[in-house]
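Chain letters run A, B, ... following the sequence lines, proteins first, then strands; residues in each count from 1.
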Amino acid sequence: MDHNFYLAMSYGATAVAIAAELVFLALGRARAWKQVNEERELEAQD
Amino acid sequence: MNLFYLSSPSTFFHFAGRLAPWFFVLAAVLGAAGLYVGLVQAPTDAVQGEVYRVIFIHVASAWMSMFIYFVMACYGAMSLTFNSRLSAMMARALAPTGAMFTFVALWTGSFWGRPTWGTYWVWDARITSELVLLFLYFGYIALANAFEDPRRGDRASSLLAIVGVVNLPIIYFSVQWWNTLHQGSSVRLTGTSMHAMMLTGMLLMAFSFWMYAIGAALTRVRSIILERERRTRWVRALRPA
């Protein structure tokens, strides 16, 4: 197989892995803020 | 400045928020420079041809996989010794990034191994011990999240991280201790046998990954702080996102 295939699979997978982690970071941030807002609503109800 | 000024989660939350974007910017700039040097400027290898260019990410990610684990274990030890909340949170924040770099090191090594060794995988001491490192990261993440009380998860996972440090010298010295298919280190503290441009590309990528890891850990630790401190007055006083 052409060496371009091995380079593309290596660099491509690395880019996908980093992109996936950045998405998970954003999702984690959104989840954390959601929990904070839920806590605020509970407090407002009390 | 008080030495423990930043050990308060509320102080560190704001501190991390200001720093994280700069680390991502640094990572992007160094990464772009590293890719340019590695893929354009560095000469073709006399033996391996073009496929050797996989090493610019393979070596950098392998270094980061070990370095992040070591830092994570240090935070774990600090958490157990000083019972500091923030240290445990930092250890948790580093683990997914460390696992990601370990996976990248194994994956890229596999795609470098096929054209050079003739196989994607071999149960070689270096590769197997790196795979054990990936399982240690998975074990750490699973154990940290296995408890209802996060502080219990912190203690158990910190202990696992500290015990797992024994794997790091095994990874590093495996190519000297055993007869392995994996080549020995080309970069040592005493010098290198690499072409200067190849070394420059590799170091740029390593620094880029390092900056990225710090940015990712700072971003993740902010989410962990928010989740754990959501009932505190300072978090409720934050501007809603």
Counting only heavy atoms not in B:F135, do more than 12 fall under 6.0 Å of its CZ?
no
On the 0 to 90° scale, with breaks at 30° and 60°, tag the B:F13-A:W33 ring pair as parallel, tilted or perpendicular.
perpendicular
Decide, yes or no, whether a salt bridge links B:R230 with A:E43 under the criterion of side-chain N to carboxylate O below 4.0 Å.
no
Mark yes or no for whether A:T14, through its side chain, and A:S10, through its backbone, hold a donor-acceptor pair below 3.5 Å.
yes
Honestly, the part of B:T97 sitting under 4.5 Å from a heavy atom of chain A is both
Among the options A:E38, A:Q35, A:K34, A:R31, pick out the one with the most heavy-atom pairs lying under 4.5 Å from chain B.
A:Q35
Parallel, tilted or perpendicular, as decided by the 30° and 60° cut-offs, for the rings of B:H58 and B:H182
tilted
Report which part of B:L35 has an atom under 4.5 Å of a heavy atom belonging to chain A: side chain, backbone, both, or neither.
side chain
What part of B:F101 gets within 4.5 angstrom of chain A, counting heavy atoms only: side chain, backbone, both, or neither?
neither
Can you say whether B:Y52 sits under 4.5 Å from chain A via the side chain, the backbone, both, or neither, judging by heavy atoms?
neither
Which label fits A:Y6 and B:Y120: parallel for a plane angle under 30°, tilted from 30 to 60°, or perpendicular past 60°?
tilted
Measure distances from A:F24 to the heavy atoms of chain B and classify the residue's part below 4.5 Å as side chain, backbone, both or neither.
neither
Count the heavy-atom pairs under 4.5 Å between each of B:I57, B:V104, B:T108 and chain A, then report the option with the highest count.
B:I57
Side chain, backbone, both or neither: which part of A:I18 has a heavy atom under 4.5 Å from chain B?
both
Interchain contact, B:L39 with chain A, by part (heavy-atom threshold 4.5 Å)
side chain
Name the orientation class of the two ring planes belonging to B:F67 and B:W210 (parallel below 30°, tilted from 30 to 60°, perpendicular beyond 60°).
perpendicular
